[in-house]
**Student:** 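Structure below; questions to follow.
In this text the structure is predicted, and so the values were computed from the model without any measurement.
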2 protein chains.
Amino acid sequence: MVTQQRRERERAQREALIVSAARDMAESDGWPSVTIRRLAERIEYSQPVLYSHFAGRGAIIDAVALQGIAELTEVFKAARTAAGPGGALAAVAQAYLDFAAANPAVFEAIFTLADGLPFGVDAPEVLKAAFAELFAVFAPLAGDRDPDAFTETGWAALHGLAALGRGGRLRPDLQEQRLAIFLERFGKA
Amino acid sequence: MVTQQRRERERAQREALIVSAARDMAESDGWPSVTIRRLAERIEYSQPVLYSHFAGRGAIIDAVALQGIAELTEVFKAARTAAGPGGALAAVAQAYLDFAAANPAVFEAIFTLADGLPFGVDAPEVLKAAFAELFAVFAPLAGDRDPDAFTETGWAALHGLAALGRGGRLRPDLQEQRLAIFLERFGKA
DNA sequence: GCCACAATCCTAGCACCGCTAGACATCCGA
DNA sequence: TCGGATGTCTAGCGGTGCTAGGATTGTGGC
């Protein structure tokens, strides 16, 4: 009865431990080094325990991605509300790039590793919330364009800067100028 | 003497065979299924032969990426020269998205798998050529902005559309509108 | 034509991976 | 106290990237 609840609580706790351990390991040594064996050793359980929580390695990565998206949403909201309508775009753009730079492994999990996350109509709530945050920033700037299409295009532009920046595809010394150009092109309605 | 040359020629031929086999397999079954064992079986040699050509699996992916970049450069050039100054941006943008859609595995190799390609000052020639093609398109539209920074920003915006599009992150029915918005925002000088 | 040598290739194996079956221990309700 | 359910672990399967060492082939000198 009551112990049942304790069990579930402990289970949830352990699940969170797995996710945070995976994230830590990925962030410090890269995703390839996050193996089930090492993860099991890290949380001091045997490997099958991990499979009682997640369907497999991919599902663990997905969980990290989902957690990252939730964080990202909070970061967006904080940046947007703190900046006010005028500077919302600049604040959110900076937040996006900062997040990508500070959490490269999570960023990688979200955008290049997570293949188990549904993205269409039946996307998880946390994912829709993240897009809603972006929508709140971009839609007012859409002018006579479709707000959804404009949000997606603006997001893509921002994402491209983050994605290419990670991996040294872009010149670091031009970072500020790129951001300025992005804001100039997407900022005025 | 002369046979030496034949040997080298055959070696180069086999190397090309490896790259094209890897590309084919990746394009039809995804990169994870491109294993050294399967690759060796496909080209009808034993595994160690592959290691006499490439340092490892990663180097083979890099080779496919490099080949893809070279093709991309040609595609850019063709699109740009065929369209003329006025429509160069639209043509190259369409070419970029088309290439990503038609060769998803190569695209993935270039932008998310290839970690062995130097991208800074000592980048391979073929890579600089690809950027030069983009530069030729974007620089005339930079206005009073730095042409390099503008090219990188435009490229990032375009790349974001391709990267997010692959994987179903963007609504397919808004594809045309997104492209229109991109052209509107980066087209006029 | 023969033979020593060098280059080439393959067989076999290592350590590691994701994942799972089946044995073992532990805790619960009656 | 005891049967059963729950939870955990040990051991192992097939597959991976990669490599050492032996067999085989072709080459150039006599």
**Student:** Rounded to whole angstrom units, what separation is found between the OH atom of B:Y45 and the P atom of D:dT24?
**Tutor:**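 About 18 Å, once rounded to whole Å.
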
**Student:** Expressed in angstrom and rounded to an integer, what is the separation of B:I61 atom CD1 from D:dG17 atom C1'?
**Tutor:**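 Distance, rounded to whole Å: 12 Å.
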
**Student:** Taking only N/O atoms, report every protein-nucleotides 16-20 of chain C pair under 3.5 Å with atom names and distance.
**Tutor:**
from: C:dC17; atom 1: OP1; to: A:T35; atom 2: OG1; distance (Å): 3.3
from: C:dC17; atom 1: N4; to: A:R37; atom 2: NH2; distance (Å): 3.4
from: C:dG18; atom 1: OP1; to: A:I36; atom 2: N; distance (Å): 3.4
from: C:dG18; atom 1: OP1; to: A:R57; atom 2: NE; distance (Å): 3.3
from: C:dG18; atom 1: OP2; to: A:I36; atom 2: N; distance (Å): 2.9
from: C:dG18; atom 1: N7; to: A:R37; atom 2: NH1; distance (Å): 2.7
from: C:dG18; atom 1: O6; to: A:R37; atom 2: NH2; distance (Å): 3.2
from: C:dC19; atom 1: OP2; to: A:Y51; atom 2: OH; distance (Å): 3.1
from: C:dC19; atom 1: OP2; to: A:R57; atom 2: N; distance (Å): 2.7
from: C:dC19; atom 1: O5'; to: A:Y51; atom 2: OH; distance (Å): 3.3

**Student:** Over all strands shown, is B:R11 touching base, sugar-phosphate only, or nothing at heavy-atom distances under 4.0 angstrom?
**Tutor:**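 It contacts nothing in the nucleic acid.
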
**Student:** Expected output is a numbered-order residue list: members of residues 15-23 of chain B with a heavy atom under 4.0 Å from any atom of DNA chain C. What is it?
**Tutor:**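 Within residues 15-23 of chain B, no residue comes under 4.0 Å of DNA chain C.
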
**Student:** Round to a whole Å and report the spacing from CG of A:L50 to P of D:dG7.
**Tutor:**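 Atom-to-atom, A:L50 to D:dG7, this comes out as 16 Å.
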
**Student:** Can you name the residues that form a salt bridge (charged side-chain N to carboxylate O under 4.0 Å, His left out) with B:R38, not counting sequence neighbours?
**Tutor:**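 Salt bridge (charged side-chain N to carboxylate O under 4.0 Å, His left out) check on B:R38 returns nothing, list empty.
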
**Student:** Could you verify whether a donor N or O on one side chain and an acceptor N or O on the other, from B:Q177 and A:R145, lie under 3.5 Å apart?
**Tutor:**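 Note: B:Q177 and A:R145 side chains miss the donor-acceptor criterion.
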
**Student:** Distance check needed: D:dT16 P versus B:W31 CH2, whole Å only.
**Tutor:**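 Going from CH2 in B:W31 over to P in D:dT16 covers 15 Å.
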
**Student:** Measure CZ/B:F54 against P/D:dT19 and give the value in whole Å, please.
**Tutor:**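 Value for this atom pair: 15 Å.
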
**Student:** Show the numbers, then the answer: is there a side-chain contact (heavy atoms from CB on, under 4.5 Å) between B:V75 and B:Y96?
**Tutor:** CA-CA 8 Å; B:V75 168; B:Y96 198 93; over 6 Å; no

**Student:** Can you run down the ring pair (Phe, Tyr, Trp, His ring centres under 6.0 Å) pairs that involve residues 109-145 of chain B, sequence neighbours left out, and say none if there aren't any?
**Tutor:**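 Those involving residues 109-145 of chain B are B:F107-B:F111, B:F111-B:H159.
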
**Student:** Using atom NE2 of B:H53 as one end and atom P of D:dG17 as the other, report the distance to the nearest whole Å.
**Tutor:**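 Answer to the nearest Å: 17 Å.
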
**Student:** Give the intermediate values and the outcome of side-chain contact (heavy atoms from CB on, under 4.5 Å) for residues A:R42 and A:I18.
**Tutor:** CA-CA 9 Å; A:R42 162 82 165 256; A:I18 294 171; over 6 Å; no

**Student:** Say whether, by atom type as modelled, one donor and one acceptor occur between the side chain of B:N103 and the main chain of B:V106 under 3.5 angstrom.
**Tutor:**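 Flag not set: sc B:N103 to bb B:V106 has no pair under 3.5 Å.
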
**Student:** Atom CZ of A:R14 and atom P of D:dT6: how far apart are they, to the nearest Å?
**Tutor:**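 So the CZ-P distance, A:R14 to D:dT6, works out to 15 Å.
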
**Student:** Which atom pairs, donor and acceptor, lie under 3.5 Å between side-chain atoms of residues 163-171 of chain A and protein residues at least two apart or in another chain?
**Tutor:**
from: A:R169; atom 1: NH2; to: B:I110; atom 2: O; distance (Å): 2.3
from: A:R171; atom 1: NE; to: A:D173; atom 2: OD1; distance (Å): 3.4
from: A:R171; atom 1: NH2; to: A:D173; atom 2: OD2; distance (Å): 2.9

**Student:** Starting at atom CD of A:E10, determine the distance to atom C1' of C:dT26, rounded to an integer number of angstrom.
**Tutor:**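 About 13 Å, once rounded to whole Å.
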
**Student:** Less than 4.0 Å between a side-chain N and a carboxylate O, is that true for B:E133 and B:K128?
**Tutor:**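 Result for this pair is no, no salt bridge flagged.
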
**Student:** Run the salt bridge (charged side-chain N to carboxylate O under 4.0 Å, His left out) test against A:E152 and tell me which residues pass, sequence neighbours left out.
**Tutor:**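 By the salt bridge (charged side-chain N to carboxylate O under 4.0 Å, His left out) rule, A:E152 matches B:R178.
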
